[in-house]
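Lettering follows sequence order; numbering is per chain, from 1.
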2 protein chains.
Amino acid sequence: MNITSYKAHQRTLVAVDCIIFGFDGSDLQALIIKRGFEPEKGKWSLMGGFIREKENADEAAARILYQLTGLENIYMEQLYAFTDINRDSAARVISIAYFALINIRDYSEQLALEHEAHWFPINELPPLVFDHDKMVAKAKRLLQRKVATHPIGFELLPEKFTLPQLQSLYEAIYETPLDKRNFTRKILSLGILNKLNEKEKESSRRGAYYYVFDSVKYGKMQSNGVKFI
Amino acid sequence: MNITSYKAHQRTLVAVDCIIFGFDGSDLQALIIKRGFEPEKGKWSLMGGFIREKENADEAAARILYQLTGLENIYMEQLYAFTDINRDSAARVISIAYFALINIRDYSEQLALEHEAHWFPINELPPLVFDHDKMVAKAKRLLQRKVATHPIGFELLPEKFTLPQLQSLYEAIYETPLDKRNFTRKILSLGILNKLNEKEKESSRRGAYYYVFDSVKYGKMQSNGVKFI
DNA sequence: TCAAAAGTGTTCTAGATACACCCATGT
DNA sequence: ACATGGGTGTATCTAGAACACTTTTGA
């Protein structure tokens, strides 16, 4: 029956773990740290931490992302709560996983050094502690699903980017080649990119025009439901 | 820095709350209880409970669903972890919400009585305690998204169902009318329904053929990605 | 015989796919 | 001059949307 007092119930440690995605121009990558405390100290791990008394999970995730990257206002989203009894070898800990997207050039190298953090291509990750491999796999699937209908790919790129860069990003996320003409036609037809009068000249002699994402234009079309790719 | 001992950290009550969907032939409904304990005793609420030491969240949700419906092996899925500091007025409690789909004819009336449970059309719910309204809203959105690409609508129907029943179900979930000819053509073209040599004669003189979902056929086509509607 | 729901095809439109050549520029 | 990556258009195919009449049968 339903007569219950809160007092009688078990309390549990609640953690947050973050899958941090970046894009280096050709590969989708994840930022992984060497775990700094026991158990499993020194092994590869997602960045995480326990939820504090005065913060919710979103705030905890933002704090943890800030600790590792020095960045605020990172795009992030709750992924899934991992609750298996023995998922952590030291105690019953449930972990709410978040995935985050950052521009790989923006993070603090200083902080990354302190945490012994490294970027790995998403398909070449070393084995991670606990159930963190499962978290990464789930995050990758969610990213693939989400990026098809929401304008979040831009979070992985600099403010200014070229269409070839954007195409490479989608190709890395979907792990499939895309047709250049079809891609540019579709993405431009959405009417949410503004072309700049400026070219990126690093990667080709001819140079490729820069574009920026126009969130105002995107906001106006929202209601129709947006299919990106 | 990352030197941390688990001991130092705050432990939290972790609950599970279940959004239980049913379908009465014309409306998508949710099963709601009168909360049987303080705080907010006597108010409308989702069915929930605390996670026990020896179970994960899926097991807790299955247990809670069994307590209210008497059913086992219910289709259910984790929805989201709700973690706001003051979401529960009595204590810091995080709640992992699950949504579940059942055949509305199968639940135990006896157990429902004991919990003072009632079915409400999803758009005519009374106000619920805490953040349960938010949970229901999120569950409804997830159901709409999920049912478009996964064969889960059948969970809300009896084993044998007619095409008009199935169409009504999709119309209730999407809250939009569908064209009968387009609907039947599309759903039958998936090749995952088996037509029975038997008619449902309650709702029309002519009678409508029964169909059953063929999960083996569905399993074989999985890889291609399935768009239901 | 009629009321009420089941069943059934065709046309049109829009979006997705497939596909190849010229352009600009630094070396 | 040439090598490298950037930029562009058309034809075909497929899936989705729109749309109305006939069939069955119990009362």
Inset, instruction - Establish whether the base of D/dT10 is bridged to the side chain of A/Arg185 by a donor-acceptor pair shorter than 3.5 Å. - result: yes
Legend entry - Side-chain N,O (A/Lys227) to OP1/OP2 (C/dA16) below 4.0 Å: yes
Inset, instruction - Could you check whether the rings of B/Phe213 and B/Phe154 sit parallel, tilted or perpendicular, using 30° and 60° as the cut-offs? - result: parallel
Legend entry - A/Arg205, nearest nucleotide to its side chain (from C/dG9, C/dG26, D/dG6): C/dG26
Legend entry - Value in whole Å for how far the C1' atom of C/dG7 lies from CG of B/Asp179: 12 Å
Inset, instruction - Report yes if a side-chain nitrogen or oxygen of B/Lys201 is closer than 4.0 Å to either non-bridging phosphate oxygen (OP1 or OP2) of D/dT25; otherwise report no. - result: no
Legend entry - Residue A/Asn182, side-chain heavy atoms: nucleotide from C/dC23, C/dA18, C/dT10 that is nearest: C/dA18
Inset, instruction - Classify the nucleic acid contact of B/Thr162 as base, sugar-phosphate or nothing, counting any heavy atom under 4.0 Å across all strands shown. - result: nothing
Inset, instruction - Tell me which of B/Lys199 and A/Leu163 sits closer to the 5' end of DNA chain D, going by the nucleotide each one is nearest to. - result: A/Leu163
Inset, instruction - Name the orientation class of the two ring planes belonging to A/Phe130 and A/His132 (parallel below 30°, tilted from 30 to 60°, perpendicular beyond 60°). - result: perpendicular
Legend entry - Rounded interatomic separation in angstrom, taking OH from A/Tyr210 and C1' from D/dG7: 17 Å
Inset, instruction - Can you check whether any acceptor in the base of C/dA6 is under 3.5 Å from a donor in the side chain of B/Arg206, or vice versa? - result: yes
Inset, instruction - Please confirm whether the backbone N or O of B/Asp27 pairs with a side-chain atom of B/Asp24, one donor and one acceptor, at under 3.5 Å? - result: yes
Legend entry - A/Glu202 CD to D/dG5 P, straight-line distance once rounded to whole Å: 14 Å
Legend entry - Distance, rounded to the nearest Å, where A/Phe228 contributes CZ and C/dG15 contributes P: 16 Å
Legend entry - Interatomic distance, B/Lys186 NZ vs C/dG9 P [rounded to whole Å]: 18 Å
Inset, instruction - Could you tell me the separation between the CG atom of B/Leu166 and the C1' atom of C/dA6, rounded to a whole number of Å? - result: 15 Å
Inset, instruction - Write down the distance between CD1 (A/Ile229) and P (C/dT17), rounded to a whole number of angstrom. - result: 9 Å
Inset, instruction - Could you pick out which residue, A/Ser204 or A/Lys180, lies toward the 5' side of DNA chain C when each is mapped onto its nearest nucleotide? - result: A/Lys180
Inset, instruction - To the nearest 0.5 Å, tell me how far A/Ile96 CD1 sits from B/Phe82 CZ. - result: 11.0 Å
Legend entry - Between P of D/dG9 and CG of A/Leu188, the distance in whole Å: 12 Å
Inset, instruction - Give the intermediate values and the outcome of ring pair (Phe, Tyr, Trp, His ring centres under 6.0 Å) for residues A/Tyr211 and A/Tyr209. - result: CA-CA 7 Å; A/Tyr211 287 80; A/Tyr209 281 105; 7.5 Å; no
